[in-house]
Amino acid sequence: MLDKKKIKEKLESERDVLLEQMKGLGRLNEETGEWETTPEELEFPESDENDKADRFEDFEARSSMMKPLETRLSNILKAIKGINRESFGKCEVCKKDIEMTRLEVNPAARTCKKHLDSISEES
Ligand SMILES: [Zn+2]
């Protein structure tokens with residue numbers, strides 16, 4: 001029997017940690033519900049082209065950090081939503097309970113360890 005309460009707490013704290021990280025990288029667009037990466041706050045007015053290029057690279061780096069966080073957040077939100085469903089914590093492939101040890105590491109897991117590679121966690 002899965003300890004859903006414990007899993008839910010874990011999911012919620014993970015969600016909060018993720019949100020904090022994402023807030024450091026960008027902001028949530030209230031209209032689209034999507035996260036947008038924002039460039040680092042400017043401390044000095046742009047001085048030369050080199051500076052601009054650096055900031056652009058930095059922005060790229062920030063966007064590429066944001067994407068996996070966004071994917072993870074959406075998995076977690078889905079898991080929180082579905083936690084009271086009968087199917088929660090069951091492998092999408094074999095329909096058996098997902099190992100508690102696996103859920104502890106990744107509460108948003110959708111498959112058991114055996115079927116780890118069967119479903120992309122990104123989707
Ligand atoms: Zn399975």
Side-chain angles (χ1 to χ4, degrees):
M1 188 58 196
L2 290 168
D3 189 346
K4 289 191 178 178
K5 193 168 166 276
K6 194 169 145 201
I7 296 169
K8 193 169 181 224
E9 279 167 13
K10 216 173 152 66
L11 281 167
E12 284 171 346
S13 70
E14 199 161 336
R15 175 198 58 195
D16 294 343
V17 171
L18 273 170
L19 282 173
E20 278 310 305
Q21 288 176 339
M22 289 164 81
K23 276 181 204 154
L25 292 169
R27 61 183 188 89
L28 180 65
N29 183 326
E30 304 278 348
E31 276 167 37
T32 62
E34 278 173 27
W35 282 82
E36 293 169 349
T37 313
T38 49
E40 205 116 40
E41 290 297 316
L42 269 189
E43 273 180 57
F44 306 100
E46 282 174 44
S47 42
D48 57 39
E49 288 300 313
N50 256 340
D51 238 40
K52 248 189 236 171
D54 279 357
R55 282 192 30 244
F56 183 72
E57 271 172 35
D58 178 68
F59 180 71
E60 293 278 278
R62 288 156 74 87
S63 335
S64 65
M65 278 160 74
M66 179 71 104
K67 282 196 187 90
L69 293 178
E70 223 183 327
T71 305
R72 185 135 180 77
L73 181 70
S74 89
N75 282 339
I76 286 173
L77 294 179
K78 248 186 262 170
I80 292 175
K81 242 185 183 169
I83 200 157
N84 290 319
R85 263 186 235 143
E86 199 62 37
S87 61
F88 179 84
K90 297 217 187 325
C91 171
E92 288 188 4
V93 179
C94 64
K95 313 288 178 206
K96 288 186 182 137
D97 282 350
I98 296 171
E99 296 85 352
M100 196 58 203
T101 47
R102 173 150 159 69
L103 283 174
E104 268 170 13
V105 179
N106 177 13
R110 291 158 57 200
T111 59
C112 67
K113 284 179 185 166
K114 205 171 139 198
H115 297 110
L116 205 52
D117 300 320
S118 308
I119 286 183
S120 164
E121 303 259 337
E122 308 298 316
S123 61

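Residues forming a salt bridge (charged side-chain N to carboxylate O under 4.0 Å, His left out) with Glu104 (at least two apart in sequence, or on another chain): Lys6. For Lys5, the salt bridge (charged side-chain N to carboxylate O under 4.0 Å, His left out) partners are Glu9, not counting sequence neighbours. Considering only residues two or more places apart in sequence or on other chains, Lys8 meets the salt bridge (charged side-chain N to carboxylate O under 4.0 Å, His left out) condition with Glu12.
Rounding to the nearest 0.5 Å gives a distance of 14.5 Å between NZ of Lys10 and CZ of Arg15. If you take CE on Met66 and CZ on Phe59, they are separated by 9.0 Å, rounding to the nearest 0.5 Å. For the atom pair CD1 (Ile80) and CD1 (Ile7), the distance works out to 12.0 Å, reported to the nearest 0.5 Å.
Here the closest non-hydrogen pair linking Val93 and Ser118 is CG2-CB, 3.8 Å. Contact record, Leu25 with Leu69: CD1-CD1, 3.7 Å, taken as the closest heavy-atom pair. When all heavy atoms of Ile76 and Leu18 are compared, the closest pair comes out as CD1-CD1, 3.5 Å. Closest non-hydrogen pair, Ile98 versus Cys91, comes out as CG1-N, 3.6 Å. Minimum interatomic distance between Leu103 and Gly89 (heavy atoms only, all atoms of both residues): CD1-CA, 4.3 Å. Scanning both residues, Glu14 and Pro107, for their nearest heavy atoms gives OE1-CD, 3.7 Å.
Between Glu99 and Lys113 no salt bridge is recorded (no basic side-chain N to carboxylate O distance below 4.0 Å).
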* Asked: Passes side chain to side chain contact (heavy atoms under 4.5 Å, CB included), Arg72 versus Asn106? Steps please.
  -> CA-CA 10 Å; Arg72 185 135 180 77; Asn106 177 13; 3.4 Å; yes

* Derivation of the side chain to side chain contact (heavy atoms under 4.5 Å, CB included) call for Leu73 and Trp35 -> CA-CA 11 Å; Leu73 181 70; Trp35 282 82; 4.0 Å; yes

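In this structure, Glu20 and Lys23 have side chains that are in contact, with non-hydrogen atoms separated by less than 4.5 Å.
Judged purely by distance below 3.5 Å, without hydrogens or angles, the side chains of Asn29 and Glu36 pair a donor atom with an acceptor atom.
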